[in-house]
Participant: 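First the structure, which I've put down as structure tokens, then a few questions once you've had a look.
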Amino acid sequence: LISRNVNVQLPSHRYEVRIQPGLLESVGDFVKKLPGVSSIVIVSDSNVADLYGKPLLESLARRDLEANLLSFQAGEQHKTLSTCSEMFDRLFSLEPALDRSSLLITLGGGVPGDLGGFLAATALRGIRFLQCPTSLLAAVDASTGGKTGVDHAAGKNLIGAFHQPVGVLIDPLCLKSLPSEEFKSGLAECVKHAVIRSADLMELLESRRKQMLCLDPEAMTELIAANVQIKADVVVADEREQSLRAILNYGHTFGHAFETLMGYGQVTHGQAVAWGMLAANCVAVSRGLLDEAAADRVARLLGALGLSTRPGKFEIDDIWARMLHDKKTRSGRVMLILPSAIGSAEIFNDLSREEVARAMEKLWGE
Ligand SMILES: NC(=O)c1ccc[n+]([C@@H]2O[C@H](COP(=O)([O-])OP(=O)(O)OC[C@H]3O[C@@H](n4cnc5c(N)ncnc54)[C@H](O)[C@@H]3O)[C@@H](O)[C@H]2O)c1
Ligand SMILES: [Zn+2]
């Protein structure tokens, strides 16, 4: 049976990310080996709880482990402090009561992962948590790295904490039920990792595209492991995003602007990031940093993966205003990650409104 492990070796803490088809059935085995777990609570969203709550509870029960399953309404719009507040009410009325030795398991996409991780980071000043990501985006990106948090009306992910999980268990078979738009959203983040860090991953995405698109378990295990390895390397080098970790924001300067301008729920995060990568590539080409052929190659791959390569229409001033509002913008300097070749990228803080206009006009074909 195919299986991959990626080690995340941080100065203060190490954990393993395991990727294996059918792994959901073995979560109980993993939990059984954790020392001194007093009680277990699972945090999920309404969609995923219906699909995988029971299999997870059964996997725990096979090792004589009991757990409470708490779920909240699915969707980014529920990744809020008010959902946290409701969840705290429920967490603190559990039987047996939550204590410092309790384990919280997040089950779902990046929303339950981030929100559940934040509950674990803050309940009783921090309890252990285990990530069981079920969306491709959560598997390849959100579940590894220890960023947890929720959104605020003023912006995405503005409230949060760094809190590393005790492990990440990824079952690629869970992707079978994922809506295709969500699957493509995750693929966009895979392309992001390839462009900023790995020409090998770029080749893997190009050569095994067909197997991936039909969710071949072996191809998916390979793909997820390659992405987690990249994410882990970057996080280990710079856990708190003082420098290198910022390259993971490739495609996100433009992407976040598109996402907010369209309104959450109107476009997937990954689709917005895909447009954002294309826009960043235009800037990189016009600065003479990236050759046109490499930019074309990225666009071809995104298209072949089923992502749109033509951004929606917005006013340049609106895009620019969103960028100036981003939490990564400091004193009017807009951060932008630009690739210099497939597999390497650099961080810049000097994007101009004119460059935004030129990139968008090129992508809109004007
Ligand atoms: N912490 C980090 O480092 C990090 C990194 C990237 C993204 N994120 C966060 O991740 C979130 C996006 O993650 P997401 O795209 O997974 O969102 P999500 O959790 O909302 O999942 C997307 C949709 O797919 C459903 N779903 C998930 N798994 C499923 C499955 N196996 N079968 C059927 N339906 C399933 C969910 O119920 C939801 O409706 C954002 O909030 C983003 O900020 C965090
Ligand atoms: Zn992203």
Side-chain angles (χ1 to χ4, degrees), residues 24 43-53 55-56 71-80 83 106-118 121 129 131-152 155-165 168 170-193 196 215 220 227-228 231-232 234-235 239-241 245 247-256 258-260 264-265 267-277 327-328 337:
L24 192 64
V43 171
S44 189
D45 74 17
S46 44
N47 296 336
V48 179
D50 282 354
L51 289 162
Y52 302 109
L56 176 54
S71 66
F72 60 91
Q73 195 65 45
E76 182 76 31
Q77 67 275 28
H78 299 289
K79 202 179 107 176
T80 59
T83 304
T106 62
L107 174 69
V111 167
D114 279 13
L115 188 143
F118 183 64
F129 86 116
Q131 293 261 32
C132 297
T134 63
S135 73
L136 182 59
L137 188 143
V140 299
D141 191 347
S143 58
T144 300
K147 279 192 184 178
T148 74
V150 294
D151 302 330
H152 184 272
K156 260 188 90 168
N157 298 322
L158 290 183
I159 302 158
F162 285 99
H163 190 53
Q164 298 290 343
V168 183
I170 304 174
D171 183 347
L173 298 184
C174 291
L175 301 175
K176 289 219 155 86
S177 54
L178 192 66
S180 114
E181 292 306 307
E182 299 298 342
F183 183 69
K184 287 189 265 176
S185 177
L187 287 174
E189 300 282 7
C190 298
V191 175
K192 173 190 84 176
H193 285 146
I196 59 173
L215 293 176
M220 287 317 294
N227 279 280
V228 169
K231 176 94 192 243
V234 171
V235 168
E239 186 180 1
R240 304 235 157 191
E241 195 167 324
R245 189 166 178 171
I247 66 168
L248 296 170
N249 294 307
Y250 168 55
H252 286 62
T253 304
F254 281 92
H256 279 153
F258 299 149
E259 218 177 348
T260 27
Y264 292 116
V267 62
T268 62
H269 172 72
Q271 177 60 72
V273 169
W275 290 334
M277 292 190 281
K327 71 177 169 191
K328 303 250 154 60
I337 313 305

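Just follow the structure's listing: the first ligand is 1, and inside any ligand the first atom is 1.
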Participant: With D171, which residues qualify under side chain to side chain donor-acceptor pair (under 3.5 Å), at least two apart?
Facilitator: none
Participant: Please give me the protein atoms (N, O or S only) lying under 2.8 Å from the Zn ion (ligand 2), ordered by chain and number.
Facilitator: E189 OE2, H252 NE2, H269 NE2
Participant: Would you say the side chains of S44 and Y52 form a donor-acceptor pair under 3.5 Å?
Facilitator: no
Participant: What I want to find out is whether E241 reaches K328 closely enough, with some N-O distance under 4.0 Å, to be called a salt bridge.
Facilitator: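 Here E241 pairs with K328 in a salt bridge, since their nearest N and O are under 4.0 Å apart.
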Participant: Please report the shortest heavy-atom distance between K327 and K156, naming the atom on each side.
Facilitator: NZ-O, 3.8 Å
Participant: Donor-acceptor pair, distance only, cut-off 3.5 Å: does the side chain of R245 make one with the backbone of E239?
Facilitator: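 Answer holds: yes.
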Participant: Treating D151 as the side-chain partner and N157 as the backbone partner, does any N or O pair qualify as donor plus acceptor under 3.5 Å?
Facilitator: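 Yes: the side chain of D151 pairs with the backbone of N157.
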Participant: Is a side-chain N or O of H252 found less than 3.5 angstrom from the main chain of Y250, in a donor-acceptor match?
Facilitator: yes
Participant: Looking at residues at least two apart in the chain, or sitting in another chain, which of them share a side chain to side chain donor-acceptor pair (under 3.5 Å) with Q77?
Facilitator: none
Participant: Using a 4.0 Å cut-off on heavy atoms, what residues surround ligand 1? Order them by chain and number.
Facilitator: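 Lining ligand 1 at under 4.0 Å, by heavy atoms, one finds D45, N47, V48, L51, Y52, A74, E76, K79, G109, G110, V111, P112, D114, T134, S135, L137, D141, A142, K147, K156, N157, C174, S177, L178, P179, E182, K231.
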Participant: Would a distance-only check, ignoring hydrogens and angles, find a side-chain to backbone donor-acceptor pair under 3.5 Å from T148 to A161?
Facilitator: yes
